[in-house]
There are 2 protein chains.
Amino acid sequence: MKVDREAALDALAGIVGAAHALTDPDLIAGALIEPRGLFRGKALALVRPGSTAEVAAVLAWCDGAGVAVTPQGGNTGLVGGQTPDESGDAIILSTRRLKAIRDIDPHADVMICEAGVTLAEAQAAALDVDRLFPLSLAAEGTCTIGGNASTNAGGVAVIAYGNARDLVTGVEAVLPNGEIVNALSKLRKDNTGYDVKGLFVGSEGTLGVVTAASLRLFPNPRARATAFVGLESPEKALDLLALARARLGGGVTSFELIARFASDITVRHGLARAPLAGDPPWSVLIEASTQIPQGFDEAFAAMLEAAFDEGVIDDAVIAASLDQRHAFWTLRESIPEAQNREGGSIKHDVSVAVGDVPAFIAEATKAVEAFEPGARVCAFGHLGDGNIHFNVSQPVAADRDAFVARWDAMNEVVHAIVARMGGSFSAEHGVGRLKRDLLARVKDPGALDVMRRIKAALDPNGIMNPGKVL
Amino acid sequence: MKVDREAALDALAGIVGAAHALTDPDLIAGALIEPRGLFRGKALALVRPGSTAEVAAVLAWCDGAGVAVTPQGGNTGLVGGQTPDESGDAIILSTRRLKAIRDIDPHADVMICEAGVTLAEAQAAALDVDRLFPLSLAAEGTCTIGGNASTNAGGVAVIAYGNARDLVTGVEAVLPNGEIVNALSKLRKDNTGYDVKGLFVGSEGTLGVVTAASLRLFPNPRARATAFVGLESPEKALDLLALARARLGGGVTSFELIARFASDITVRHGLARAPLAGDPPWSVLIEASTQIPQGFDEAFAAMLEAAFDEGVIDDAVIAASLDQRHAFWTLRESIPEAQNREGGSIKHDVSVAVGDVPAFIAEATKAVEAFEPGARVCAFGHLGDGNIHFNVSQPVAADRDAFVARWDAMNEVVHAIVARMGGSFSAEHGVGRLKRDLLARVKDPGALDVMRRIKAALDPNGIMNPGKVL
C-alpha cells in the first residue's frame, strides 16, 4: 500500500500531538542511524507516544493503513534491529517518553518500569530500596528497559543472574492491531497458560511493542571480591571456573576471559593499566559476591590459592580497593575501543557449550589465521556462559577497508565452526537486520517454522519491524 | 470426524508395535484416572512410542485422521491435564518409554533428559556428577521430566532456583503435524529469535508433545541449614523472610509458612512430631544452603538470633542432624494426608505478590468462615514465592459430601479476593480441565487472545489435548 504522507502525519500527530510526530531532519537524524554507523535508514516520521494508550492508537492506525513500524528505545543495539530500512515508508516508534517507574516492591522483589526508563535508572531505583537489578552492560546509561526486554539483553552478570529473559517477569505489550496485552506481574509463581511475556522478550519488535516490564530484584550483596588472574590457556580458565563454582557457587557473578592481545592493546593505547606484573597468555577477570561477609574474602583468597597450588593459575591480584576493582573492569570494557584504534575489525558474538570454549577458540583461531594471514584474533568474553566475542583485528599495516570488506566471508568461516559445535551465532546481540539471512540458513527448521507461524498469527499484516529477524 | 477404531489401532500399532498400542482395560485403567480420582476418562488406546520419531509418526497420523491426543507422563498432575475426556475418541500418548539421559555436561551445567525420565532419576543423575538439579516436589519419584516441563512444575525450591520454566533451557518437541522442533540447547546464551522452548513449557500438552528437555544444573551445595521457627503471624513471617534474604541472600532455598491448624493435625494423626515445645499460631520451615561451609552455620544461627532479638520470632530449633531435618520436612509434607484424615477439604493453589500474603490470608480466612461457618482454614505453602495452598477442611462432624459439593462456590469466594489483589488462581498446578473455565473468565483478554492465536497457529486441527487450558 502506498501511503499518503501528509494524511499519515496528520493522523499520527492527531494521536500523539504535533510536537511528537517529527519529520525535521535535524531532529530525527540520530534515530535513523545505528551507533556504529553500520546501518542507516529513512523514516516517514519519528513518533513519540506518551502513554500505552497512545502506542495502541498509533499501532492500530498503522495496521489499518499498512504503515510499517520500527520500535526504538535507546538506539544502542548492535544488529540494526532498531533502524528502519531505506524506503522511508516506515515510522520509528520511540518509547523514550514512557518514563514512569510504576511500582517498586521490595517484598515481592519486583519493579515495574515503563519501556523508556534507562537501564541505569532502573538499577538506581533498585539500589534506593537496597536491592540489586543485576542486568549490566556497557550501554546501560542509554539503553532502555523496553529495548533490553525486546532484545533479551545479556551482559556481564549472566552467569549468576541470567539474561533479560530470566529477569523480566512480565510485560505490557501492544499488538499490531492496537490490542493491549497486560502480562505484567508481581508474581513469582503464576501457572495459568502459555508464557505470553516470554514471546515478546527477544522478539526484537517484530510481534508488537513492549510498553512496560516487571523486573526481578535481588538482595543487594553485602560484600564483593574481584581478582585479575593470569593463566596459560582457555583450558586452565575452564578449570578455574569449575573450581570457583564448586567453592563459591552462585556467588560467582562474572568470569571474563581475556586473550593477551586484547589486554595488551588496552594498555598500549593508554586506556588501562596492566593489572599483573607479567604478561600471561590469557587472563580472567573474576568477581564474586555474597550476603554473608564473614569469611568471604578468606574463601575467595583460598579459592585462588587452591587454583595456584593445583597449577591452574600462574598469577593473581585481588582488588584491594574500589579503585582497583574499577581499573580491572576498565581494562575489560575498553577492549572494543582499543580494537578501534588498532584499525578495522570483524566481530563474532558467538556462544558454545561452556566446556567447548577452548576447542572453539583454538579451531576458530587457526581457521581465521589461514583465511587472512596476519589477522590478529582478539578473543574475550563471558566464559562463564560460553559467550565469546571472537573479534579479529586487521593485519598490521593492511588496508582497513579491504579487510572489513571480507566481513561476511570471515563470518562464514567462524560460524561454520560454531554450527558444528552446536553453538549460537548470536549469543547476546540478537538477530536484527545483520543476521537475518544467517538465521534462515542455520536455525533448526522446526523452530523456524514455529517462529514464522507465531509471526503470522500475531502480526498478520506484517507491519512490525519488517526485514528484522524473520 | 468419526474414527474407525479398528483402522486406527492398526495404524498406531504399525507405528509403535502392537505391544505398545494398548486397549486392554486391565492395562490402561491406571492411565484413565487421575491420582485423586477427581477426573476419569476413556481412550481409544494407550499408545507408548519408543522414540521421538515414533511420537512424530503417531501425531502426524492422528492429525491426518482427526484423532485427539492427550499426552501423559507420570500421571501425577492435579488439574486433570493428563486425563482424556469421556468420549473415548482420544488416544493417550504416554512418554514413559522415552527414558534416555542423552547427555550430562558438568562444564556447561546442563543435562539432556528424554521426557519419560522421572524427576528423581534426573536428580540422581545430576548428583552422580556432583551437581544439583533443584526441581523438587512431592511426586518426584513418579512424575516425569516431560510432564514437569509441559506443566511448568513448581515445588519447594522455587524461591532460590525458580520453577520449571527457569530450569528448562531447551526442549525437543513434536508439533501436531509430526514436525520435530529441536530447541534443545546446552547454551547458556543464545539470542536467535523467539523463545520457542518457552512456548512448550507450561502449555500442558496443547501445542505438541515435549519429547526431551535440556535442564540446568547447579553446584551441589556443601552445607545446608534447616530450622523450624515459631512466630505470631504471617506479617512476622514476612519480616523473617526479608531478614533472611538480606543476611543469606540467594542461599535461602525454602521458606514454608505453616498455620497452627496445619501443623496440629499432622501431629494429632501421628504423621509427624511437633518440632517446637510451644504451640505457636504460625510456624516457618526455613532452609538455606551454601558452597562456603566456613561460617555458614554461624551466619544462619545469627540470623535467627537477630530475628529473636527484633521480636520477629518467638522460638526456633535448628536441625542438629539429617534425621531432624527429615522430621521437619515430614511435618510439612504430611499436611495433605492429615487433611484427608480430617474429612473433606476444598483446595486453592493461589499466589499473590509476596508482600500481600498476610492480607490475603486474613481476608480469605474471614470470607471462608463467613461462607461456611465452622470451616477450618489450613493455610500453608511457599511464602518465599507468594504461593499459598489455601486449603479448607470441613467443619467438625459436618457431612463430607455436602461440604465438598460447595467446592466451586467456595473457589469463587477465594479467587475473587486473589483477583482483586492481582494474584493467580493457579500458582503451580496449572490449568488443565479443572480451571479452564476460570482461565477464560479471569485472564487478561489480550493475553488470552495471544494464547488462542498461538494455539490456532500451531495446532490448526485442534487435536492436542482438547478441553484443556483453552
Name the option with the most non-hydrogen atom pairs under 4.5 Å to chain A; the candidates are B:Leu470, B:Asp349, B:Asp195.
-> B:Asp195

Pairwise side-chain contact, A:Val196 with B:Ile454, heavy-atom cut-off 4.5 Å (strictly under) = no

So which of A:Val354, A:Asp190, A:Thr206 has the biggest tally of heavy-atom pairs under 4.5 Å with chain B?
-> A:Asp190

Where on B:Ile180 is there a heavy atom nearer than 4.5 Å to chain A: the side chain, the backbone, both, or neither?
-> backbone

What residue, out of A:Ala160, A:Gly193, A:Gly295, A:Ala299, has the most heavy-atom pairs lying under 4.5 Å from chain B?
-> A:Gly193

Considering only heavy atoms from C-beta outward, does the side chain of A:Pro106 approach that of B:Arg245 to under 4.5 Å?
-> no

Nearest heavy-atom contact between B:Leu187 and A:Gly423 is CD1-C, 3.7 Å

Name the region of A:Glu179, side chain, backbone, both or neither, that has any atom closer than 4.5 Å to a heavy atom of chain B.
-> side chain

Please name the pair of heavy atoms, one in A:Gly249 and one in B:Pro219, separated by the smallest distance, quoted to 0.1 Å.
-> CA-CG, 3.9 Å

What residue, out of B:Leu458, B:Leu438, B:Asp385, has the most heavy-atom pairs lying under 4.5 Å from chain A?
-> B:Asp385

Residue part contacting chain B, namely of A:Asn177, when any heavy atom lies under 4.5 Å | side chain

Among A:Val201, A:Val174, A:Leu175, the residue with the most heavy-atom pairs under 4.5 Å to chain B is A:Leu175

Side chain, backbone, both or neither: which part of A:Lys197 has a heavy atom under 4.5 Å from chain B?
-> neither

Given that the side chain runs from C-beta out, which part of B:Pro445 has a heavy atom under 4.5 Å from chain A: side chain, backbone, both or neither?
-> backbone

Could you tell me which of B:Met303, B:Lys455, B:Glu428, B:Arg131 has the largest number of non-hydrogen atom pairs under 4.5 Å with chain A?
-> B:Glu428

Side-chain donor/acceptor of B:Arg188 to backbone N/O of A:Val352, under 3.5 Å | no

Within a strict 4.5 Å, meaning less than it, do heavy atoms of the A:Tyr194 and B:Val450 side chains meet?
-> no

Is it the backbone or the side chain of B:Thr151 that comes under 4.5 Å from a heavy atom of chain A, or both, or neither?
-> backbone

Among A:Gly386, A:Gly430, A:Gly198, which has the most heavy-atom pairs under 4.5 Å with chain B?
-> A:Gly430

For B:Asn152 and A:Asn191, does a side-chain donor sit closer than 3.5 Å to a side-chain acceptor?
-> yes

Electrostatic pair B:Asp356:A:Lys186 at N-O distance under 4.0 angstrom | no

To the nearest 0.5 Å, what is the distance between CG (B:Leu184) and CG (A:Asp444)?
-> 9.5 Å

Within the distance-only criterion (no hydrogens, no angle test), does the side chain of B:Ser351 pair as donor or acceptor with the backbone N or O of A:Lys189 below 3.5 angstrom?
-> yes

Could you have a look at A:Asp166, A:Leu199, A:Val469 and say which one has the most heavy-atom pairs with chain B under 4.5 angstrom?
-> A:Leu199

Who among B:Asn182, B:Val442, B:Val431 has the most heavy-atom pairs with chain A under 4.5 Å?
-> B:Asn182

What closest approach, in Å, do B:Ala353 and A:Asp105 show between heavy atoms, and which atom pair accounts for it?
-> CB-OD2, 4.4 Å

Chain B contact via A:Asn220 - side chain, backbone, both or neither, heavy atoms under 4.5 Å | neither

Is there a side-chain contact between B:His107 and A:Val357, using heavy atoms and a 4.5 Å cut-off?
-> no

Chain B heavy atoms under 4.5 Å from A:Leu241: which part of the residue, side chain, backbone, both or neither?
-> neither

Top contributor to chain A contacts, counting heavy-atom pairs under 4.5 Å, from B:His429, B:His382, B:Gln294 = B:His382

So how far is it from A:Gln291 CD to B:Leu248 CG, rounded to the nearest 0.5 Å?
-> 8.5 Å

Can you say whether A:Arg222 sits under 4.5 Å from chain B via the side chain, the backbone, both, or neither, judging by heavy atoms?
-> side chain

Region of A:Arg165 that comes under 4.5 Å of a non-hydrogen atom in chain B | side chain

Are any non-hydrogen side-chain atoms of A:Ile292 and B:Phe300 less than 4.5 angstrom apart?
-> no

Under 4.5 Å to a heavy atom of chain A? For B:Leu448 that would be neither

Relative to chain B, which segment of A:Asn163 carries a heavy atom at a distance below 4.5 Å: side chain, backbone, both, or neither?
-> side chain

Side-chain donor-acceptor pair present, A:Lys443, B:Thr192, cut-off under 3.5 Å | yes

Count the heavy-atom pairs under 4.5 Å between each of A:Val110, A:Leu238, A:Leu439 and chain B, then report the option with the highest count.
-> A:Leu238

